[in-house]
Student: 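What follows is a single structure, and I will ask about it in a moment.
Protein chains get the first letters and strands the later ones, always in sequence-line order, with residue 1 at the start of each.
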There are 2 protein chains.
Amino acid sequence: MDVRTLCLGVLSEGDYTGYDIKKFFESSFSSFFPAGYGSIYPALAQLLEKQLVSCASQTQSKLPDKKVYQITASGLDQFRQSLREGKGTHRLRSEFLVQMFFSDHLDEHGLAALIDSRLSDINDEIATMDGMIGHQQGANTTGGAAFTRGFNRAMLEAGRNYINSHRVLVERQSDNKVTRFDSNVNRFAG
Amino acid sequence: MDVRTLCLGVLSEGDYTGYDIKKFFESSFSSFFPAGYGSIYPALAQLLEKQLVSCASQTQSKLPDKKVYQITASGLDQFRQSLREGKGTHRLRSEFLVQMFFSDHLDEHGLAALIDSRLSDINDEIATMDGMIGHQQGANTTGGAAFTRGFNRAMLEAGRNYINSHRVLVERQSDNKVTRFDSNVNRFAG
DNA sequence: GACTGCATGTAACGCGTTACATGATTGT
DNA sequence: ACAATCATGTAACGCGTTACATGCAGTC
């Protein structure tokens with residue numbers, strides 16, 4: 001599944017410009033499928049070429065022409081097929097966990113800073129979600145939107161709980177290997 | 001953070017061949033930083049060129065020469081610096097959640113199949129983790145390894161719990177939009 | 001006879017990230 | 001004055017995935 005397919009999905013809910021689609025991504029997919037203009041605009045161009053979407057330009061005074069995209073019948077078919085046939089992959093990529101895995105290469109303060117920074121990111125994300133409640137009047141109230149929002153929240157909270165209760169696992173050992181290796185550095189000199 | 005850096009990390013724990021490194025990735029990083037031969041071998045070649053690792057070839061009868069890599073002093077420095085300076089990103093990419101978000105484009109049975117398939121994947125992953133306990137004699141018993149293993153497990157279980165208790169959110173509404181759109185398909189014909 | 005494990009790599013391709021480029025309007 | 005919002009896009013670059021290519025040894 002790629003950005004093209006997601007754009008098709010957004011356009012299955014209504015007609016939007018590239019700019020609007022980016023906002024849709026941010027408010028709905030950012031936690032599990034982020035994308036920027038550099039992905040979205042080329043994706044839209046490709047979809048237009050394949051006639052999976054159509055485009056109506058609205059001239060605006062002093063601003064670039066607004067291009068409103070609309071999904072076509074074959075675009076909708078294609079989208080549903082992609083949805084059904086998707087393998088349902090679900091994968092994390094975490095630099096934070098790499099840092100924790102190799103935490104014995106970090107000193108005590110550096111390690112604590114990384115952990116606290118991750119906790120702070122989690123809290124920011126949760127606060128952002130809370131801040132959005134009520135802001136969206138009627139939009140994004142489908143079961144799917146509620147399910148994915150709740151899923152994201154559950155993951156954030158589970159991560160926070162895990163880190164708070166298990167950080168001692170890495171903090172107890174930190175700095176061990178740094179010291180050991182440093183006193184052993186002549187291994188590399190010979 | 002890229003595969004190069006992770007290879008350096010693996011080599012900070014001992015001397016290994018590309019083949020061994022792949023196995024290390026599978027047993028330790030697969031849940032948050034997967035990589036295949038197509039990433040690992042080129043990464044090792046680049047590290048060798050930059051002299052962050054050295055390589056000793058062992059000729060073998062009837063098998064390709066075994067290339068054992070060893071991290072250099074500057075490689076170790078570089079690795080620790082990358083670890084410290086990493087931004088600690090932590091991101092999910094989930095086709096499954098896309099499918100749930102747009103679940104009203106799926107029929108009841110297709111949706112249930114996708115959810116059950118995800119649950120089965122989760123159970124398989126948990127079973128695999130359980131199966132590995134005891135298999136690794138003394139290896140991977142650092143605090144970092146324990147922390148990341150536990151984190152992965154906590155995420156899998158939180159995901160499973162969430163899906164089991166909230167799948168009704170998507171199942172109640174499924175098929176609604178498909179029906180609505182199909183009766184409305186003339187929107188596209190004109 | 002087929003599959004798994006050992007052991008190395010290459011090549012093509014697609015994908016996404018980042019930075020760049022432009023420019024008016026509205027709010028602080 | 002400065003930042004944010006609206007609105008479009010391009011270009012370079014790096015990165016990883018996948019499939020391909022080779023070949024022996026041991027197990028089922």
Student: Compare all side-chain heavy atoms of B/Q99 with those of B/E95 and state whether any distance is below 4.5 angstrom.
Tutor: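 Yes, at least one pair of side-chain atoms sits under 4.5 Å.
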
Student: Phosphate oxygens OP1/OP2 of D/dG9: is one of them under 4.0 Å from a side-chain N or O of A/K67?
Tutor: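 Yes, within the criterion.
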
Student: Which parts of nucleotides 13-18 of chain C does protein reach within less than 4.0 Å, heavy atoms only, written one letter per nucleotide 5' to 3' as B for base, S for sugar-phosphate only and - for none?
Tutor: --SSBB

Student: Quick one: B/D65 CG to C/dC6 C1', roughly how many Å, whole number?
Tutor: 14 Å

Student: Between A/D130 and A/R153, is the closest basic N to carboxylate O distance under 4.0 Å?
Tutor: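 So A/R153 pairs with A/D130 through a salt bridge.
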
Student: B/Y69 near the nucleic acid: base, sugar-phosphate alone, or nothing, with a heavy-atom cut-off under 4.0 Å?
Tutor: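 The answer is sugar-phosphate, as B/Y69 gets under 4.0 Å only of primed atoms, P, OP1 or OP2.
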
Student: If you pin B/K23 and B/P42 to their nearest nucleotides in DNA chain C, which one's is more 5'?
Tutor: B/K23

Student: Mind calculating the distance between OH (B/Y41) and P (C/dA7) to the nearest angstrom?
Tutor: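 The answer, rounded to whole Å, is 9 Å.
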
Student: For the pair made of CZ in A/F25 and C1' in D/dA7, what is the distance, rounded to whole Å?
Tutor: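 The answer, rounded to whole Å, is 17 Å.
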
Student: Less than 4.0 angstrom between a side-chain N/O of B/T17 and OP1 or OP2 of C/dT8, yes or no?
Tutor: yes

Student: Do B/S120 and B/N123 have side-chain N/O donor and acceptor atoms under 3.5 Å apart?
Tutor: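 Per modelled atom types, B/S120 and B/N123 side chains form no pair under 3.5 Å.
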
Student: Here's a test for you: under ring-ring contact (aromatic ring centres under 6.0 Å, His included), which of B/Y19, B/F33, B/F29 qualifies with B/F24?
Tutor: B/F29

Student: Minimum heavy-atom separation for B/F102 to A/V10, with atom names?
Tutor: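 So the minimum-distance heavy-atom pair works out to CZ-N, 3.9 Å.
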
Student: Can you find a heavy atom in the side chain of B/R160 that is under 4.5 Å from one in the side chain of B/N164?
Tutor: yes

Student: Please give, in whole Å, the distance from D/dT8 P to A/Y19 OH?
Tutor: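 Whole-Å distance recorded here is 9 Å.
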
Student: Please state how far atom CD in A/E26 lies from atom C1' in D/dA4, giving the value in whole angstrom units.
Tutor: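 Those two atoms, CD and C1', are 13 Å apart.
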
